[in-house]
Protein chains: 2
Amino acid sequence: MDFQEFIEQGEKLFLPNLSVDMVIIGFHEGELKCLLLKIGDKWLLPGGYVFRTESVENATVRILRERTGLKDPHFKFLSVFGGEDRKFTEEWKQFFVENNLPFKENTWLNDRFVTLAHYSLVDFEKTKPVIGNFDEAFAWFNLDELPKMWMDHKEIVLTAKNRLKEDIQHEQLTYNLLPKEFTMPQLHGLHQTILGEKLDRSRFQKKMIASGAFERLPKLQKDSPGRKPFQYRVKKA
Amino acid sequence: MDFQEFIEQGEKLFLPNLSVDMVIIGFHEGELKCLLLKIGDKWLLPGGYVFRTESVENATVRILRERTGLKDPHFKFLSVFGGEDRKFTEEWKQFFVENNLPFKENTWLNDRFVTLAHYSLVDFEKTKPVIGNFDEAFAWFNLDELPKMWMDHKEIVLTAKNRLKEDIQHEQLTYNLLPKEFTMPQLHGLHQTILGEKLDRSRFQKKMIASGAFERLPKLQKDSPGRKPFQYRVKKA
DNA sequence: AATGATTTGTGTCACTTTGCCACAAAAAAA
DNA sequence: TTTTTTTGTGGCAAAGTGACACAAATCATT
């Protein structure tokens with residue numbers, strides 16, 4: 001679907017005034033990163049619209065797959081952003097002007113959008129981002145060093161960051177951010193990064209093992225100094 | 001707004017294909033009750049649509065106020081229900097036929113709806129339900145004895161019931177279900193009802209008091225046998 | 001008025017979980 | 001061989017939890 005077609009057909013194909021946005025989070029070099037796309041001189045969340053014949057959930061998975069190349073990505077609903085004046089008119093205008101496209105103020109694209117924000121925890125190494133038809137670039141940004149972003153997208157990312165902090169206390173989900181096989185020191189570092197505080201390594205390790213959610217594998221072979229850690233993977237139910 | 005006007009104007013006034021539904025929960029005679037409305041021979045959740053010039057949040061508050069008479073009701077987002085074939089065609093058809101109204105298959109009302117479900121914890125005594133223009137009746141139903149309901153509305157109620165069980169573990173919010181001034185035995189009974197299990201009274205009371213969220217008031221005067229309990233209210237921040 | 005039943009507030013005590021530190025084992029580096 | 005780094009596990013005091021006990025307060029019944 002090229003842009004012209006997208007503008008013309010979108011109104012018929014999609015549920016109007018409704019979008020799905022994804023905060024896609026990966027863990028790389030000890031930092032939490034978020035996948036963003038560039039349109040114009042600002043960045044935005046990967047997102048899309050819901051086909052009239054498609055469930056919201058399927059739209060979410062479809063959008064995620066399209067942008068990450070992952071088959072079965074983790075995701076979780078985050079929040080509704082439904083402000084009465086939530087429009088992207090200025091952003092689209094700039095995009096149209098820069099691309100020498102005829103800008104019309106009152107297309108569906110410039111109308112108000114209620115967005116269903118989700119977050120997704122992905123294995124950074126396995127994720128192969130794909131830009132959309134209108135995006136100029138993609139990039140991973142440290143959650144604490146976000147660029148200029150569209151509208152309220154920065155707020156959405158920060159909401160996700162805070163939600164992750166809460167969810168990690170009650171749910172076993174951080175392993176989605178690591179490779180299938182990982183070590184306790186890795187998981188420990190990840191949790192410290194998410195919570196932004198030091199966690200006692202001894203206690204953390206004992207607690208994780210005691211949770212029974214992981215099974216121990218042979219030790220990891222590596223060249224760095226120090227004892228070689230066991231590897232773990234999530235127990236299948 | 002009468003029904004004819006509602007049908008004709010709704011499309012222009014509201015965001016299409018989007019609704020807000022409320023699971024309004026009260027606590028009465030030791031049981032959790034849910035406020036439902038009757039249209040036709042089935043019951044449905046209080047709900048409504050979002051004006052194009054109104055935020056989702058304001059719509060939620062407006063709908064809640066309209067149906068409960070409460071000034072500043074508690075509410076919390078529950079979940080999105082966005083199935084690809086989520087339509088109320090049959091239910092509306094029956095309503096139109098029963099009321100001798102001309103039924104048209106393809107009005108906005110019969111289109112697919114994504115609903116933003118919320119739950120609201122209210123003081124049963126203070127709540128004065130008001131039925132909508134098209135509702136035949138309202139009633140409070142025990143959460144475990146729900147009547148025949150529209151589409152997936154029963155599923156929404158059950159989702160709320162389960163969510164409440166979870167939220168109560170992490171958040172101080174159950175006092176919304178009690179009068180401003182309440183006793184520890186009351187709060188204890190409420191928690192037991194929500195969780196569906198016995199909680200040690202001693203421990204519960206100590207934990208609640210230790211949380212520091214409540215301030216002790218003079219003892220309650222009552223005629224039943226036994227020691228008179230202290231009253232408490234939520235500490236203002 | 002005395003006694004008993006009921007309800008509520010608080011105490012105790014064993015058991016578990018948590019926070020913090022220690023230390024030994026393993027393996028590269030010096 | 002010794003040192004340094006990393007990882008696994010142990011110990012112990014403090015805090016939290018579950019189960020039960022018991023006393024205080026108050027109405028109902030002799």
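Remember, it's a predicted structure, so these values are computed and weren't measured experimentally. Numbers restart at 1 for each chain; the letters A, B, ... are given by sequence-line order, proteins then strands.
Ring geometry, B:Phe214 versus B:Tyr232: the interplanar angle exceeds 60°, so the pair is classed perpendicular (tilted spans 30 to 60°). Aromatic ring orientation, A:Phe14 versus A:Tyr49: tilted (interplanar angle from 30° to 60°). Ring orientation note: the planes of B:Phe204 and B:His188 are tilted relative to one another, at an angle of 30° to 60°.
Closest to the side chain of B:Lys206, out of C:dG19, C:dG11, C:dG9, is C:dG11.
Taking atom NZ of residue B:Lys207 and atom P of nucleotide C:dT17, one finds them 14 Å apart after rounding to whole Å. Distance A:Glu197 CD to C:dC20 P: 10 Å, rounded to the nearest Å. With rounding to whole Å, A:Met184 atom CE is found 19 Å from C:dA26 atom P. Between the CD atom of A:Gln169 and the C1' atom of C:dT18 there is a distance of 14 Å, rounded to whole Å. If you take NZ of B:Lys198 and P of D:dG18, they are 16 Å apart, rounded to a whole angstrom. Going from atom CZ of B:Arg203 over to atom C1' of C:dT17 covers 13 Å, rounded to whole Å. Rounded to a whole Å, the CD1 atom of A:Ile209 is 11 Å from the P atom of D:dG10. Across the protein-nucleic acid pair, A:Phe204 atom CZ and D:dT7 atom P stand 13 Å apart, rounded to whole Å.
Note that CZ of B:Arg86 is 5.5 Å distant from OG of B:Ser19, once rounded to the nearest 0.5 Å.
Pairs of residues two or more places apart, or lying in two chains, that qualify as ring-ring contact (aromatic ring centres under 6.0 Å, His included) and include a residue from residues 136-155 of chain B are B:Trp43-B:Phe141, B:Phe88-B:Trp150, B:Phe88-B:His153, B:Trp92-B:Trp150, B:Phe124-B:Trp140.
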Discussion item. Walk along nucleotides 21-30 of chain D from 5' to 3' and tag each nucleotide B, S or - by protein heavy-atom contact under 4.0 Å, base first, then sugar-phosphate.
Written reply: --BBBBS---
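Relative to the six-membered ring of B:Tyr119, B:Lys76 misses at least one condition, a distance below 6.0 Å or an angle of at most 45° to the axis.
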